[in-house]
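The model shown is predicted, which means the values in this text are computed figures rather than measured ones.
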Amino acid sequence: MVDYHRAQPAPAAGPNGDYMAQEEDWDRDLLLDPAWEKQQRKTFTAWCNSHLRKAGTQIENIDEDFRDGLKLMLLLEVISGERLPKPERGKMRVHKINNVNKALDFIASKGVKLVSIGAEEIVDGNAKMTLGMIWTIILRFAIQDISVEGKGRDPGGSASRCCSGGILKVSFAETSAKEGLLLWCQRKTAPYKNVNVQNFHISWKDGLAFNALIHRHRPELIEYDKLRKDDPVTNLNNAFEVAEKYLDIPKMLDAEDIVGTLRPDEKAIMTYVSCFYHAFSGAQKAETAANRICKVLAVNQENEHLMEDYEKLASDLLEWIKRTIPWLEDRSPQKTIQEMQQKLEDFRDYRRVHKPPKVQEKCQLEINFNTLQTKLRLSNRPAFMPSEGRMVSDINTGWQHLEQAEKGYEEWLLNEIRRLERLDHLAEKFRQKASIHEAWTEGKEAMLQHRDYEAATLSDIKALLRKHEAFESDLAAHQDRVEQIAAIAQELNELDYYDSPSVNARCQKICDQWDVLGSLTHSRREALEKTEKQLETIDELHLEYAKRAAPFNNWMESAMEDLQDMFIVHTIEEIEGLIAAHDQFKSTLPDADKEREAILGIQREAQRIADLHSIKVAGNNPYTSVTPHIINSKWERVQQLVPKRDHALLEEQSKQQSNEHLRRQFASQANIVGPWIQTKMEEIGRISIEMNGTLEDQLNHLKQYEQSIVDYKPNIDVLEQQHQLIQEALIFDNKHTNYTMEHIRVGWEQLLTTIARTINEVENQILTRDAKGISQEQMQEFRASFNHFDKDHGGALGPEEFKACLISLGYDVENDRQGDAEFNRIMSVVDPNGSGTVTFQAFIDFMSRETTDTDTADQVIASFKVLAGDKNYITAAELRRELPPEQAEYCIARMAPYRGSDAGPGALDYKSFSTALYGESDL
């Protein structure tokens, strides 16, 4: 059945707008003819129910069921598609009259002049007036707009038609509604024998005309050649049953009503025939609607493929970033420098091998995203919103986190290597000092616990006392070394040295032993002092020797320790400072040699006096264990270590000179590459603003410029090689340049990304120009206007600059209420995110949309409505019948179930689906 929901223009039916005047021959008294009244009742009731069923109701008695006006108002709403005033629900007569008057007012508002039909007559159940009113409604909404062009093709025969109102609409040689319907019937039945349609009564009695109309449009439904003119009842029943079963035209008359009447009611026949007209007029519209839907769905499917490709590429890149960041954030320390250097080598491999392809993928992802958005804009589709967490901004944020982690990881590696170097140095220093101290303390506890003074003479006691005093002096001298050992152990613990337990155990043993030595020393002194009064003789020379030999011996041990001490330097200045300190030490050696001779002289003097006085002297000095042999041996050792120290310092000086050469070599290249990258970035900025020549010339120029940048890559590779040499030499700073390799890498990546983005913008402009049919001159005019108002050459216009640009192009956006409203509408189109700026691409998209026509959601909804037979829903069977298989399955998979009160089995909501295609709701 036809859908009368669409707004229909007010008709110009007659000079006075009186529809009743179109049927001057209609005599109301004829309604009293029982046969005609019966036919009209049956036909009009079936016609009303064919529309009321869309609202889930029907009527049984036409002059009774319309008396309260409720179903009459509902009928008008269904066939017009408009809302009538809210009906009154009261049961009183006045409520019914008011409802009927609302319906009659609505009919009058459509240009229908109701003659002698009042609300009271309808409420009172006046059959003549009720049937006359229904006929007026049928004439206005079902027959009035039927017209046929003199030479054109008619509905159902692929004739030209306009979708407005869902009816055939022509403007050439128009006839009255009745004549138009009669002419349509004559044309359709002309080829059929025994059919001669001259009116809407006698010409239809044999039923052949009804069957001819169906066969002309749906030949598979009627076997016309088997029909006989002398069997009208069979003919009529066949046509009515086929129409009801396959064409959705309810049975409005019985064959006996027509055959048994001398002259069938004309209005009943016209009403019945108009249903055939509207049923067949939709065939062409269905085909057009299907084509439109196929076109829209094809565009949407292509865009969905692009979206799926973006989602996959974005997901893969984000997954790689997600996997890589934890590796870069891993700060698990290693025990040795070799293990940390392997980590550094793995990091270099990541920078050289693994990261560059991902940089390219990120750039390509942004280009694909921009191209997809351009295609969506060109097809009037909403902008693509990637799934949560996969926006370009999310990828950029993840990439920033990756680079931050990368920078932190490199800094941590270098700091960790420095820490391990420091730890190795401290550990070796600890072992040396601990070994020296342990060698010194060996046997000291036994010596302090020896009770030799009990059987000693006075001179022996005094000797022992002096010896003990010398030991205390030696003990005090070693206090500094013990403190140094404890301090080094503490520092190793603070730096998290991997072998801290063994260091702590050794340090604790030394400290515990030191406390024992202190306690034993104090105990022995007390024991010696108790017998000191009994002892007077002492060898002063031996005592003096011991006092001077002990500190000199300690000085030599410290000197040997310093000469064997490891050193770590990173600059020429540091090694030169060590060389200067070593030279200063060497300058003190003559004085030390004099002190040595003086100490040995004391020993010789003591021996001379003992020999002179025939004193028996023990082989060793009773006051010290430092013999002349030990002093001479250690002195020779110092003399041997000095040239070795000279050689080690000179080797380190040569190494630092080589490192300085590497610094200068890297700085020289970096100071060229860094400014070159900055210059190229500025040149790209100027090129993207000026853009002279055609878009193809600009694109070729940019690609040549991109190639020149790519050709510069060997210079970056040379710098990478030099940087690797610097890192392998463990050089951590460079005062000769402000550029680091990280700065160069970031600048190079930004340069490649910027030129790629600029090329992509021009490609999108070409795509826009070709898709929208914009000429080169228009493109240049748009660019000139945009650049003129882009005062800061930033590539984007602020709101005021954009408004001035629009005014220069003839848009009425002056500073008044109407102009501000129009400007705000335009800004919502070109700047949907509210960033406050308008890019050139958004400007071009807006200008191209202003001059082109695209599909809309309303057009797609109207097309689906045609396929659905004017229902508010559509079924899977209807989609598969009207659309190609792929398109039909696409719709079925994405359409939501229809929830309206008139929903049938398997009803699908094509309205929400259509609005979702254009971003007006969620798909």
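- By the 4.5 Å heavy-atom criterion applied to side chains, R481 and N554 are counted as neighbours.
- Counting only N and O atoms by type, the side chains of E696 and N700 include no donor and acceptor under 3.5 Å apart.
- Not a single donor-acceptor pair under 3.5 Å links the side chain of D349 to the backbone N or O of E345.
- Below 30°, between 30° and 60°, or above 60°: for Y350 and H354 the angle between ring planes is below 30°, a parallel geometry.
- Under the 3.5 Å distance criterion, with hydrogens and angles disregarded, no donor-acceptor pair is assigned to the side chains of E636 and Q640.
- A side-chain donor from one of Q727 and H723 sits under 3.5 Å from a side-chain acceptor of the other.
- Atom-to-atom distance recorded for T397:OG1 and M391:CE is 10.5 Å, nearest 0.5 angstrom.
- Side-chain contact of H743 with T740: a donor-acceptor pair under 3.5 Å is present, judged by distance alone.
- Counting heavy atoms from C-beta outward, S633 and M556 have side chains that stay 4.5 Å or more apart.
- To the nearest 0.5 angstrom, L365 atom CG is 6.5 Å from L317 atom CG.
- Side chains of Q721 and D717: no donor on one and acceptor on the other come within 3.5 Å.
- Within a 6.0 Å radius of CD in E573, more than 12 heavy atoms belonging to other residues, nucleotides or ligands are found.
- Side-chain atoms of N370 and E366 form no donor-acceptor pair, as typed in the model, at a separation below 3.5 Å.
- Counting heavy-atom neighbours within 6.0 Å of K322 NZ, excluding the residue itself, gives a total of 12 or less.
- Using a 30° and 60° split on the angle between ring planes, Y712 and W676 fall in the parallel class, below 30°.
- In this structure, a donor-acceptor pair under 3.5 Å is absent between the side chains of Q400 and Q404.
- N504 and S500 share no side-chain donor-acceptor pair at under 3.5 Å.
- Inspection of the H661 and Q665 side chains reveals no N or O donor paired with an N or O acceptor under 3.5 Å.
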